[in-house]
Amino acid sequence: MERIEVRPAVGRYDDFYEVVGVKKPGGKGCWCMAYRDSRVPNEDRPGYMRDECATEPGPGVLAYVDDVVAGWCSIAPRSTYRRLMNSRTIPFVDERDAWSAVCFVVRAGFRKRGLMHHLLAGAVEHARAHGAEVFEGYPVDVGPERVDVISGYVGTVRMFEAAGFTRAAETGGVSGGRRRWVMRRELGQGGLPQAVAG
């Protein structure tokens, strides 16, 4: 039986690169910078994320299958994501600086194993360990249908609900033509999910 673990990305830049990095010389890519600060030039993004991976709390968490890096979740305080702070489509629920999960990536060859569920659970524990009061994500609502890889990078409402999150607010954002929601989970009182007025 395979062993799945989720670990913080601190000190694991090479593993982050394996999942998210652009391998083609001169190739362009997100480097998980779209929400952090898309103004950073493409050639500077590897160094930016190397620095992020070198300091606490780090830029996210990594999933490993039998010690082989297999997936990534970007998780950090909302205040560190420039795009979220200036978003016209994703509302603020309250004044607290929620920790936000904005991106999930699972490497080809490791999909359809439930790794996104593991990544979300690991991200919650990472946020809690760093004093987060509340955790939120902005997944797409696909109902009972499966979601394609491109649209599904934000996760699904169903996945967040399975992890104890509740719908806090509808957003003006879409992914793959489907509406996105602010999904929240309170991390107080031992991390038990609590309803949030929306």
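FYI, the numbering just counts along the sequence from 1.
- Classified by interplanar angle (parallel below 30°, tilted 30° to 60°, perpendicular above 60°), the ring pair Tyr13/Trp31 is parallel.
- With contacts defined as side-chain heavy-atom distances shorter than 4.5 Å, the pair Arg82/Arg39 qualifies.
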Does the salt bridge (Lys or Arg N to Asp or Glu O under 4.0 Å) test come out yes or no for Arg7 and Asp15, once each step is laid out? CA-CA 11 Å; Arg7 305 167 189 162; Asp15 290 345; 5.8 Å; no
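- Enclosure of atom CZ in Arg3 by more than 12 non-hydrogen atoms of other residues, nucleotides or ligands within 6.0 angstrom is indicated.
- Note on ring orientation: taking the six-membered ring where Trp is involved, the planes of Phe160 and Phe165 are perpendicular (angle over 60°, cut-offs 30° and 60°).
- Distance check, rounded to the nearest 0.5 Å: CD of Glu161 to CH2 of Trp181 gives 9.5 Å.
- At a cut-off of 3.5 Å, with distance as the only test, a side-chain donor of Glu56 or His130 sits close to an acceptor on the other residue.
- The distance from atom CD of Glu133 to atom CZ of Arg185, rounded to the nearest 0.5 Å, is 15.0 Å.
- Both Phe16 and Val22 belong to a common hydrophobic cluster when Ile, Leu, Val, Met, Phe, Trp and Tyr are linked at side-chain heavy-atom distances under 4.5 angstrom.
- For the atom pair CE of Met159 and CE of Met183, the computed distance is 9.5 Å after rounding to the nearest 0.5 Å.
- One distance of note links CD of Glu5 with NE2 of His118; it measures 11.0 Å at 0.5 Å rounding.
- Atom CD of residue Glu18 and atom CG of residue Leu62 lie 11.0 Å apart, to the nearest 0.5 angstrom.
- Considering all non-hydrogen atoms of both residues, Val105 and Val19 come closest at CG1-CG1, 3.7 Å.
- Scanning all heavy atoms of the two residues, the minimum distance from Leu115 to Val106 falls at CD1-CG1, 3.9 Å.
- A continuous path of ILVMFWY side-chain contacts below 4.5 Å connects Val124 to Val61, so both sit in one hydrophobic cluster.
- No salt bridge links Arg158 with Asp141; every basic N to acidic carboxylate O contact stays at or beyond 4.0 Å.
- Leu120 places none of its side-chain heavy atoms less than 4.5 Å from the side chain of Cys73.
- Here the closest heavy-atom approach between residue Glu52 and residue Pro59 is recorded as O-CD, 3.4 Å.
- A side-chain N or O of Tyr138 and one of Ser100 form a donor-acceptor pair less than 3.5 Å apart.
- Taking both residues in full, the closest heavy atoms of Arg107 and Val69 are given as NH1-O, 2.6 Å, listed atom of the first, atom of the second, then distance.
- When atom types are taken as modelled, the side chain of Arg113 and the backbone of Gly109 share a donor-acceptor pair closer than 3.5 angstrom.
- In the hydrophobic clustering of this structure, Met33 does not group with Val154; members are Ile, Leu, Val, Met, Phe, Trp, Tyr whose side-chain heavy atoms approach within less than 4.5 Å, directly or through other members.
- Of the possible donor and acceptor atoms, none in the side chain of Asp66 sits under 3.5 Å from a partner among the backbone N and O of Ile4.
- Nearest heavy-atom pair, Gly60 versus Ile75, reported as atom, atom and distance to 0.1 Å: CA-CG2, 3.5 Å.
- A 4.5 Å side-chain heavy-atom check between Pro57 and His126 finds at least one atom pair inside the cut-off.
- Put simply, the side chain of Arg78 never gets that close to the backbone of Phe135: no donor and acceptor are under 3.5 Å apart.
- Closest approach of Ala127 to Leu187, counting heavy atoms only: CB-CD1, 4.2 Å.
- No side-chain heavy atom of Ser87 sits less than 4.5 Å from a side-chain heavy atom of Phe92.
- Checked options Arg180, Arg167, Arg184; the residue passing with Glu136 is Arg184 (criterion: salt bridge (Lys or Arg N to Asp or Glu O under 4.0 Å)).
- Within the 4.5 Å cutoff, the side chain of Val68 has heavy atoms near those of the Phe110 side chain.
- Using a 4.5 Å cut-off on side-chain heavy atoms (C-beta onward), Arg128 and Trp99 make no contact.
- Side chain of Arg45 to backbone of Val40: a donor-acceptor contact under 3.5 angstrom is found.
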Evaluate the criterion salt bridge (Lys or Arg N to Asp or Glu O under 4.0 Å) for residue pair Arg96 and Glu186; output intermediate values, then yes/no. CA-CA 11 Å; Arg96 292 179 295 170; Glu186 295 288 333; 2.8 Å; yes
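- One side chain, Arg36 or Ser74, offers a donor N or O that lies under 3.5 Å from an acceptor on the other.
- Taken to the nearest 0.5 Å, the CG atom of Leu119 stands 10.0 Å off from the CH2 atom of Trp72.
- Follow the hydrophobic side-chain contacts under 4.5 Å out from Val6 and you never reach Tyr17; the two are in separate clusters.
- In the model, Asp37 has no side-chain atom that pairs as donor or acceptor with a side-chain atom of Tyr48 under 3.5 Å.
- Between Ile90 and Leu84 the shortest side-chain heavy-atom distance falls below 4.5 Å.
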